[in-house]
Amino acid sequence: MTSNSRRNFLIGSSAAITLLSNTGCASGVGKINRQPNIIFIMADDLGYADIGVYGQHYIKTPHIDSLARKGVMLTNGYSNSCNCSPTRTALLTGRYQHRFLVGLEEPLVRLPLGVPKEQKTMPSRLRDLGYHTSLIGKWHLGSPPVHGPLQHGYDHFFGFLSGAIDY
């Protein structure tokens, strides 16, 4: 994937997430939503200095830079794995990836494989708090109808279910 198409994908995803997070969040007409909007961008193979706000000078990322300036910039990041599915498993559950078979397998070859349905996830906990949750992009944690994003706490999903996709 070229840098230009990767950048366009990130810009489009950021815009879509922003639009989705601003729709339907208030509990009623005229009421102010006191919960902050949360936008979390997880990008495979994106390094610390690959966006402008963290020092990239050659590839311009003005929309992501704007989100960082208006929100919170995290300067210490750690990944529990060098592969996508284990990292996504840990992020989704808040637990070490090796606690689940899906967190040990890469690539995902056994079906059905995924986070156990009874396991609480970050999006299911946010939904319990009144948030509307959306995932845009790559899921790569199992196949519906048992292990899809809608079965693990997301209200909306638009993207790819598997990995090795050329955007």
Side-chain angles (χ1 to χ4, degrees), residues 1-3 5-14 16-18 20-21 36-56 59 61 64 67-68 71-129 131-167:
M1 177 183 337
T2 65
S3 296
S5 64
R6 192 175 276 166
R7 181 182 57 179
N8 289 338
F9 174 77
L10 287 172
I11 290 169
S13 297
S14 299
I17 291 169
T18 302
L20 285 174
S21 67
N37 289 330
I38 300 170
I39 298 173
F40 183 87
I41 299 173
M42 179 179 177
D44 290 347
D45 305 321
L46 182 69
Y48 176 81
D50 287 346
I51 58 175
V53 73
Y54 291 113
Q56 175 59 260
I59 300 171
T61 56
I64 294 174
L67 287 171
V72 175
M73 283 184 52
L74 306 175
T75 57
N76 291 320
Y78 302 93
S79 176
N80 65 322
S81 177
C82 60
N83 291 16
C84 111
S85 293
T87 300
R88 292 170 191 279
T89 299
L91 175 68
L92 189 74
T93 64
R95 300 177 74 190
Y96 290 115
Q97 77 275 10
H98 61 268
R99 294 182 183 263
F100 308 101
L101 187 57
V102 69
L104 296 172
E105 299 272 338
E106 185 72 33
L108 301 181
V109 293
R110 288 194 255 176
L111 295 176
L113 187 63
V115 174
K117 189 155 174 110
E118 63 276 0
Q119 173 63 47
K120 287 282 194 179
T121 62
M122 179 176 51
S124 67
R125 291 179 187 272
L126 286 170
R127 190 177 54 196
D128 292 346
L129 293 172
Y131 280 91
H132 296 276
T133 58
S134 298
L135 172 65
I136 299 170
K138 182 169 88 169
W139 169 247
H140 203 206
L141 285 175
S143 299
V146 178
H147 294 295
L150 300 181
Q151 288 76 37
H152 288 286
Y154 289 102
D155 298 317
H156 306 282
F157 169 69
F158 177 79
F160 308 103
L161 291 170
S162 63
I165 301 293
D166 186 5
Y167 295 102

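Numbers for residues simply follow the sequence, beginning at 1.
With sequence neighbours left out, the side chain to side chain contact (heavy atoms under 4.5 Å, CB included) criterion links Ser124 to Lys120, Thr121, Arg127. For Leu126, the side chain to side chain contact (heavy atoms under 4.5 Å, CB included) test picks out Ile38, Met122, Tyr131, Thr133, with sequence neighbours left out. The ring pair (Phe, Tyr, Trp, His ring centres under 6.0 Å) check on Phe158 picks up nothing, with sequence neighbours excluded.
Annotation: side chain of Met42 is in contact with side chain of Leu91 (closest heavy-atom distance under 4.5 Å). At a threshold of 4.5 Å between non-hydrogen side-chain atoms, the residues Ile64 and Val53 do not count as touching. Between Leu135 and Pro123, every side-chain heavy-atom pair lies at or beyond the 4.5 Å cut-off. A 4.5 Å side-chain heavy-atom check between Val115 and Thr89 finds at least one atom pair inside the cut-off. Under the 4.5 Å side-chain criterion, counting only non-hydrogen atoms from C-beta, Lys138 is in contact with Arg88.
From Asn37, atom CG reaches atom NE2 of His132 across 10.5 Å, with rounding to the nearest 0.5 Å. Rounded to the nearest 0.5 Å, atoms CD1 (Ile59) and CD1 (Ile51) are 11.0 Å apart. Tyr154 contributes atom OH, which lies 9.5 Å from atom OG of Ser134 (distance to the nearest 0.5 angstrom).
When all heavy atoms are compared, the tightest approach of Leu161 to Pro149 is CD2-CD, 3.9 Å. Closest approach of Phe157 and Gly137 over heavy atoms only: CE1-O, 3.8 Å.
Note on ring orientation: taking the six-membered ring where Trp is involved, the planes of His152 and Trp139 are parallel (angle under 30°, cut-offs 30° and 60°).
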>> Checking Gln119 against Arg95 for the side-chain contact (heavy atoms from CB on, under 4.5 Å) test, could you report, in this order, the C-alpha distance in whole Å, the side-chain angles of both residues, the deciding distance, and whether it holds?
In response: CA-CA 10 Å; Gln119 173 63 47; Arg95 300 177 74 190; 2.9 Å; yes
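Formation of a donor-acceptor pair under 3.5 Å by the His140 side chain with backbone atoms of Cys84 is not found in this model.
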